[in-house]
Amino acid sequence: MTNADVARVFDEIADILEIKGADGFRVNSYRRVARQIDDLASDINEVAARGELAKLPGVGKSSAEKINELLETGELKMRGELLAEVPESLLELLKVPGLGPKKVALLWRERSINSLGDLKQAIEGGKLADLKGFGKKSIEQMSHGIAFLESSAGRRRLGTAWAVGTRLRELVEAMPGVRRVEHAGSLRRGCETVGDLDLLCVADDAEGTIKAFTELEDVTQVLAAGGTKGSILYQYRPRRSMQVDLRIVSEESFGAAWQYFTGSKEHNVRLRELAVKRGWSLNEYGLTEGELVIASRTEEEIYAALDLPCPPPEFREDRFEFDLKEIPTDLITREHIRGDLHMHTVASDGVNTIEEMARAAKKLGYEYICVTDHSASSAIANGLSADRLSKQIEEIHAINKRLKGVTVWAGSEVDILAGGKLDFPDELLAELDFAIASIHYGMGSDIKENTQRTLEAMQSPYINVIGHPTGRLLTRRDAMPLDIEAVAKEAARTGTALEMNSSHHRLDLKDQHARLARDCGAMICINTDAHATDQFEEIRFGIVTARRGGLLKGDVVNTQTAAQIRKFVERKRSG
Ligand code: DGT
Ligand code: CA
Ligand code: CA
Ligand code: ZN
């Protein structure tokens, strides 16, 4: 079990206890343990092996015993006992935005609501009208929350899908007689969430490969197993599974199959129409005219036969790709990125030191990084006071003197307060090399207010990027309403960049918004918001999202050299 798995169980226990109406002190002690483990920089299994669990702050002897039980057996007796008294399906109700344990308990006790289905029915039947604490507005919010949950149900964030997909691809590649394995479907297109994984494979023994696939360790269910297609539920961590489809195709028709199963469906429909117009047909075996195969071996040949340039998979959504005469040669790639300008260290809520982040960046070949810990108002994230930030600036200057090969800039992720005011005074911001401003609190539902707050922050000569502009958390929290066009135009006018936050929890701006912003003249900054050195890798998700928006090298701030970025900062400061 990972740290996150263990943390989730403790959080769940706290939820169940709270639904049961247990003492707040007791509930909090489980929450504290969950947080502690989630934030832990080292592997909980190693801490347990060293017998040091009880040394963790907030973890007492009895919690340590429970963690050990979990790590050893994968289960917790206490959890089972609690679930004998409270239906487990109540836990899914907690995922509805705005529904906490107290309200869930009320729904359960007063209205016998046990599940999402029950809740939906109760709302539709007007059965909550006279329930205390459930006003008209809060019922409306619940309805939105349920719709949001349903729309993301069963889908996984790109980062999760990518990790699981990579593991499965390696497993299939290692099977005897397998000659080629490729990702298709939404993962290949780089969609922000993925329903199921689609793998294509060339193999000497189709049936044997399908059999081995369905017999992989961690397969919890075989949905289909034929001569050339297998479909499984694959458990990638406790209680979390994904559907994976594997298709065996021939080398001669690989291109046609890859094109077809990459999709999207909308893209394929358009492409097939173009083929049909010429009296041809197109399917997963090839582009054909009667018996004659026109193209099938590669995707390029298929598109070329239809007089189209072969669009990168990220473009294939029937948005703009059919209007392109050629594919831009300077479409953004990871190799263009020269540095990362948004990251957190131990000073706020990160797990690595400035120096560790710098060395990791240097290893990636980056030219520069900017340290942007949280500002004071983000108290939960241990935001820096003005005093601590001043000291950090000095520390960074000292690190630059001894560390060669990568430049570290002093920055901040400054909170945008209510009304658009910034969390630090100008005199302090002026000491920084570069600064991001983000909204973390008070994201309202009023588009005017959100937009105004963002526009106001951009007026500061010291703010160079608006961080994660819409504040969405994929599969958990919707974007706050924001007039992207107004924000992008003002960004262009003031020389402020908008962030493409690469964290797979955010991907904010999203693809189409990044495109719109670029078209309005705004620059985009692709950052990771890394809270640990290994999160620098998440840049891949920001890149793929930027590519989906058709962003070019020249649209992205951090493809520029350090000297150019200094000029970018100077230009804004000198008005
Ligand atoms: P997902 O899994 O929901 O994230 O999205 P996809 O795009 O991976 O969809 P999936 O797995 O159902 O199918 C993979 C691809 O196969 C899809 O992108 C296009 C192709 N495909 C599936 N069904 C159809 C269809 O009925 N017509 C056409 N033209 N293509 C299809
Ligand atoms: Ca799929
Ligand atoms: Ca599929
Ligand atoms: Zn942030």
Side-chain angles (χ1 to χ4, degrees), residues 1-2 5 73-75 153-191 193-265 267-268 272 281-288 293 295-299 301-302 313 316 540:
M1 284 186 127
T2 64
D5 296 329
T73 67
E75 294 292 341
R155 299 189 70 80
R156 300 280 176 251
R157 282 186 298 270
L158 176 60
T160 307
W162 184 82
V164 179
T166 304
R167 193 193 304 172
L168 271 151
R169 182 177 171 174
E170 283 165 6
L171 287 170
V172 176
E173 262 168 354
M175 291 172 184
V178 166
R179 282 190 276 146
R180 181 176 184 189
V181 187
E182 300 286 357
H183 291 298
S186 50
L187 177 62
R188 185 174 180 226
R189 301 199 309 282
C191 298
T193 62
V194 169
D196 68 5
L197 294 169
D198 302 279
L199 288 170
L200 290 193
C201 166
V202 179
D204 295 333
D205 172 13
E207 231 162 303
T209 305
I210 295 295
K211 186 161 181 288
F213 176 67
T214 57
E215 287 171 358
L216 281 173
E217 212 184 313
D218 298 323
V219 170
T220 52
Q221 206 180 328
V222 177
L223 305 167
T228 59
K229 189 195 158 179
S231 190
I232 58 172
L233 282 189
Y234 181 81
Q235 187 170 59
Y236 57 92
R237 65 178 215 217
R239 288 186 304 235
R240 292 284 167 138
S241 311
M242 263 193 103
Q243 182 180 330
V244 188
D245 298 342
L246 175 72
R247 293 181 181 84
I248 315 288
V249 302
S250 74
E251 212 144 7
E252 299 77 64
S253 63
F254 195 89
W258 208 12
Q259 194 290 314
Y260 182 90
F261 290 112
T262 295
S264 65
K265 209 166 164 174
H267 175 88
N268 285 356
R272 178 153 356 100
S281 59
L282 176 64
N283 58 28
E284 64 261 52
Y285 302 106
L287 179 64
T288 53
V293 176
S296 68
R297 188 170 280 270
T298 69
E299 290 188 319
E301 289 167 35
I302 293 169
R316 303 184 195 172
R540 75 172 75 245

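Since we're looking at a predicted model, the values are computed, not measured. Computed over heavy atoms, backbone and side chain alike; hydrogens, waters and symmetry mates excluded.
For the pair N268 and Q259, the minimum side-chain heavy-atom distance is below 4.5 Å. I302 has its side chain within reach of L282: a pair of non-hydrogen atoms, C-beta onward, lies under 4.5 Å apart. Looking at heavy atoms from C-beta onward, L168 lies in side-chain contact with V164 at the 4.5 angstrom threshold. W162 has its side chain within reach of R540: a pair of non-hydrogen atoms, C-beta onward, lies under 4.5 Å apart. At least one side-chain heavy atom of R237 sits under 4.5 Å from a side-chain heavy atom of D5. Side-chain contact between S250 and V202 is absent, with no heavy atoms from C-beta onward closer than 4.5 Å. Between L187 and L158, some side-chain heavy-atom pair lies under the 4.5 Å cut-off. Contact of the T193 side chain with the R156 side chain is not registered, since no non-hydrogen atoms from C-beta on lie closer than 4.5 Å.
For A225, the side-chain contact (heavy atoms from CB on, under 4.5 Å) partners two or more places apart in sequence, or in a different chain, are I210, T214, V222. For A257, the side-chain contact (heavy atoms from CB on, under 4.5 Å) partners two or more places apart in sequence, or in a different chain, are L200, V249, F261. For the side chain to side chain donor-acceptor pair (under 3.5 Å) test, residues two or more places apart in sequence or in another chain that qualify with R157 are T475, H505. With sequence neighbours left out, the side-chain contact (heavy atoms from CB on, under 4.5 Å) criterion links S264 to R189, E266, H267, E317.
Surrounding CD of E173 are more than 12 heavy atoms belonging to other residues, nucleotides or ligands, all under 6.0 Å away.
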>> Assess the residue pair T228 and R247 against the criterion (side chain to side chain contact (heavy atoms under 4.5 Å, CB included)); give the C-alpha distance rounded to whole Å, side-chain angles, the decisive distance to 0.1 Å, and a yes or no.
In response: CA-CA 6 Å; T228 59; R247 293 181 181 84; over 6 Å; no

>> Under the criterion side chain to side chain contact (heavy atoms under 4.5 Å, CB included), I'd like the reasoning laid out for L223 against L233: C-alpha separation, chi angles, the key distance, then a yes or no.
In response: CA-CA 7 Å; L223 305 167; L233 282 189; 4.1 Å; yes

> Do R169 and E182 pass the salt bridge (Lys or Arg N to Asp or Glu O under 4.0 Å) test, and can you show the C-alpha distance, the side-chain angles, and the key distance before you say yes or no?
Replying inline: CA-CA 7 Å; R169 182 177 171 174; E182 300 286 357; 3.6 Å; yes

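The stretch residues 199-213 participates, sequence neighbours left out, in these side-chain hydrogen bond (donor to acceptor under 3.5 Å, both in side chains) pairs: R179-D204, K211-E215. Pairs passing the ring-ring contact (aromatic ring centres under 6.0 Å, His included) check and including a residue from residues 214-254, sequence neighbours excluded, read F254-W258.
In this structure, CD on Q235 lies 11.5 Å from CD on Q221, to the nearest 0.5 angstrom. Rounding to the nearest 0.5 angstrom, the gap separating the SG atom in C201 from the CE atom in M175 is 8.5 Å.
With salt bridges taken as basic N to acidic carboxylate O contacts below 4.0 Å, one links E299 and R188.
The two atoms that bring G286 and S296 nearest to each other are CA-CB, 3.9 Å, heavy atoms only. Closest of all the heavy-atom pairs between G195 and M242 is O-CE, 4.0 Å.
Side-chain contact, S231 with Q243: a donor N or O sits under 3.5 Å from an acceptor N or O.
The side-chain contact (heavy atoms from CB on, under 4.5 Å) with V244 is formed by just one residue from the set I232, L216, D196, V219; it is I232.
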